[in-house]
Asks: 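This is the structure I have questions about; it appears just below.
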Amino acid sequence: MMILEAKDLNYYYQDGDKRRYILKDTSVSFEKGKFYTILGQSGSGKTTLLSLLSALDSPHGGTVLFNDEDIKKIGYEKYRRNNVGIIFQSYNLIPTFTAVENVLIPMSITENDIPEDVKTVAYNLLDYIGIVQSKADRPVNKLSGGEQQRVAIARALATNVELILADEPTGNLDEEMEQEIIDIFKKMAHEHDKCVVVVTHSNEIAVQSDQAYLLRKGVLSSYE
Amino acid sequence: MNFIKRGFLGITRNKGKSLILLAVIFILGNLISGAISIQQATSNVESNIKERLGAAATVEIDYEELDALSEAELMETEIEDIDIDLIKQIGELSYVKYYDYNMSTSLGSESIESYQGEDMEDLVQFGPSMDFMMKGINYAPVLDFEEEKAKLVDGRVFNEEEVENGTSVAIISQKLAELNNLHVGDTFTLSNMVFTYDDETGEEEIVTSRDVVLEVIGLFESQTLKEDAGEDSEDGMFDFMDMDYQNTIYVPNEIVRSETEYYWEELLKSDEEFAEMMEAEGEDSSFEYYTPMFVLNNPEDSEAFEEEVAPLLPKLYTVVSATDQYDSIAGPVESMSKLAKYVLAAAVIATVLIIGLVVLLFLRDRKRELGIYLSLGERRGRVVGQILIEVMVVALIGITLSLFSGNFIAGQVSDTMMKADHNTSQDEMMYFSEIQTNLTTEDVLDSYEVSLNSSYILIFYGIGLLTILISTVIPLVYILRLNPKKILM
Ligand SMILES: Nc1ncnc2c1ncn2[C@@H]1O[C@H](COP(=O)(O)OP(=O)(O)OP(=O)(O)O)[C@@H](O)[C@H]1O
Ligand SMILES: [Mg+2]
């Protein structure tokens, strides 16, 4: 069964009295337990597509279905709160908070069932992702880029969601760090039965995914 | 890490900004609290002074209106008397605690001496003296005693029967009694003398006289001068007023009425010209004239009372109440009060704008953080709540600090300002009517006190927090319009 489906998505920017389409009747679907990549040239609309899939923006046409339910019907806020974990290229952590505090934030927002002892869960999660407790208690702006992105991943996983969407998560990292992050994503998909969708420039990442798509001229196609 | 906890963490983790916000709120809070302090102090003065002025009111001819009339108009208008029925009608109004109406006349005496001040220089007297002021009363417990103009120090007040029947009993001042060795139960004699005045020679001639024998039932002591004893500035005037009062003799109205009637009848008998004139005017009861005096339940009722009574009065009469005098002595305080109002309004507006701007700038700095909350699916209402907590907690601290300092500054500032104000303004001469006061601008200033009372604290917290709440609402609109995609992706 598909966990996430995009049907005939349309998205455009108004350019004078002309519509410049970024996405044109694009359809795609994703299932649990798989690691997907979306490739495309700069400016092809990858981020736009991801913003629609993560309900940070709404399409001009078409629908996004989560477990066969229109996310508009679920409610964008509620969908973000309970159903999806988003990871950004620029980490987007809150600099005045420590790593563990950043992970605790979505746990207090979500309505999903999470264990009572949130602090232990957060520390364990960070540890699992590769952030030891001494680093977990540091303000995030005192962590390296790779460490910060790990914290961001832990934050995305903290609400126990089955769907992870990442926009160029390794864009700011060196190759070694990139591979470590990709390994985490693979583990999430294959060992924890999550659906992981990663937008990337990188062929190296694409070849490691179970399924790669190419976004070109507003349309997605399989990439071999 | 719910939004409440995040709010508190937001304060401690952004120490620099919190301190700046605290400083701004503290400074503006001082302005607001200072203005409210002064406002409170002035309104306390108003109620305090009005309390001391008392709740007395009377009905008198409106001299201002009378003066404004032209000669021709004056000829046409006939000034009616205030009759007892009207006095009783007004006295029944709900505002009135009790009331009295008085008729007075001056009498002389051959057997007792009048009080002429402590050091009793022998005054050379011309003609018959009329030193004794017989004040008729209808309210048996005596209004002047109830209102603490005087205190009964010996004997008793009148009873209803005596007032009704016009029994020959009197209450005199203790000083007058001592001077003439009179005690409760003694009798003394006044004489009601009728004399004519010769236009040509300018001589007065006693036509006839009769004795008025009164029994002393009580002694009173004047209270009005107690507080001011020792103050030298206006002693002369008050001594004089006091002397008059020491020679006042309280009796039932009926006694005054009958003595006045006797006086007029004898006068008419002796002076035919005058009698004819009076006949022509057709005024038969002109000697019977009562001055009403109403004491209201509360000085604050004065305005309502005046409003209700005014339509009942005959032409050219007006209500005069003790609190009317407040305006004439409270100049410096009134101007303080006005100034405080302006400062308050300006401070509130400035606070809304400045705090609004500061919070908006800080929020823009934290745009990304707010976007993150939204991307994590936090409800906008809770993001707003978090910011409100951050601002309001700091505001509460800032306002609490300025509660004390603003109050203190207000005390200092208003002291110097009022002193300066008072020195430049000359005390106005007041027109004293039936209702008298010895309160001056000095008293008003003395009763001015900036204090930390609960109503000030309540009002200040109310206004202060509300102002900051309003100023935070403006930037909150910014949060509601944030687009997390634009910020984060
Ligand atoms: N606010 C905007 N107004 C007009 N055009 C925009 C706006 N934002 C983005 N675009 C255009 O939309 C297109 C798609 O942008 P998008 O960010 O989705 O590309 P992308 O594939 O993520 O590129 P990159 O690999 O560089 O991140 C781009 O051509 C961009 O210029
Ligand atoms: Mg992009």
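No hydrogens, no waters, no symmetry mates; every other heavy atom, side chains included, goes into these values. Residue numbers begin at 1 in each chain, while the letters A, B, ... track the order of the sequences.
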Asks: Between A/Lys119 and A/Glu101, does at least one N-O distance fall below 4.0 Å, as a salt bridge requires?
Replies: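 Salt bridge absent between A/Lys119 and A/Glu101.
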Asks: Taking A/Arg81 first and then A/Glu111, would you say they form a salt bridge - that is, a charged N and a carboxylate O separated by under 4.0 Å?
Replies: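 Answer for the salt bridge query: yes.
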Asks: For the pair A/Gln14 and A/Arg19, evaluate side chain to side chain contact (heavy atoms under 4.5 Å, CB included) and give the outcome as yes or no after the intermediate values.
Replies: CA-CA 5 Å; A/Gln14 200 72 41; A/Arg19 284 174 179 176; 3.8 Å; yes
Asks: Under 6.0 Å from the six-membered ring centre of A/Tyr223 and within 45° of its axis: does the NZ or CZ of A/Arg216 meet both?
Replies: no
Asks: Identify which part of A/Gln89 has an atom lying under 4.5 Å from any heavy atom of chain B, answering side chain, backbone, both or neither.
Replies: neither
Asks: Does any heavy atom of chain B fall under 4.5 Å from the side chain of A/Ile94, the backbone, both, or neither of them?
Replies: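 A/Ile94 touches chain B through backbone and side-chain heavy atoms alike.
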Asks: So which residue, A/Lys78, A/Arg155, A/Met107, ends up with the most heavy-atom pairs under 4.5 Å with chain B?
Replies: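 Option with the greatest count: A/Arg155.
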Asks: Using heavy-atom distances under 4.5 Å, tell me whether B/Arg379 contacts chain A through its side chain, its backbone, both, or neither.
Replies: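 Both parts, backbone and side chain.
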Asks: Side chain, backbone, both or neither: which part of A/Tyr79 has a heavy atom under 4.5 Å from chain B?
Replies: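 For A/Tyr79, there is no contact with chain B at all, as no heavy atom is under 4.5 Å.
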Asks: Between B/Leu488 and chain A, with a heavy-atom cut-off of 4.5 Å, which part of the residue counts as in contact: side chain, backbone, both or neither?
Replies: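 It is both, since atoms from each part get that close.
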Asks: Where the side chain of B/Arg380 meets the backbone of B/Leu480, is there a donor-acceptor pair that is under 3.5 Å apart?
Replies: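 Yes.
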Asks: In terms of heavy-atom pairs under 4.5 Å with chain B, which of A/Thr110, A/Ile105, A/Asp167, A/Leu93 leads?
Replies: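 Of the candidates given, the most pairs with chain B belong to A/Ile105.
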Asks: Do you know which of B/Arg13, B/Lys5, B/Lys17, B/Arg366 makes salt bridge (charged side-chain N to carboxylate O under 4.0 Å, His left out) with B/Glu390?
Replies: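 Running salt bridge (charged side-chain N to carboxylate O under 4.0 Å, His left out) over B/Arg13, B/Lys5, B/Lys17, B/Arg366 with B/Glu390 returns exactly one hit, B/Arg366.
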Asks: If you count heavy-atom pairs within less than 4.5 Å of chain A, which of B/Leu374, B/Ile487, B/Asn14 leads?
Replies: B/Leu374
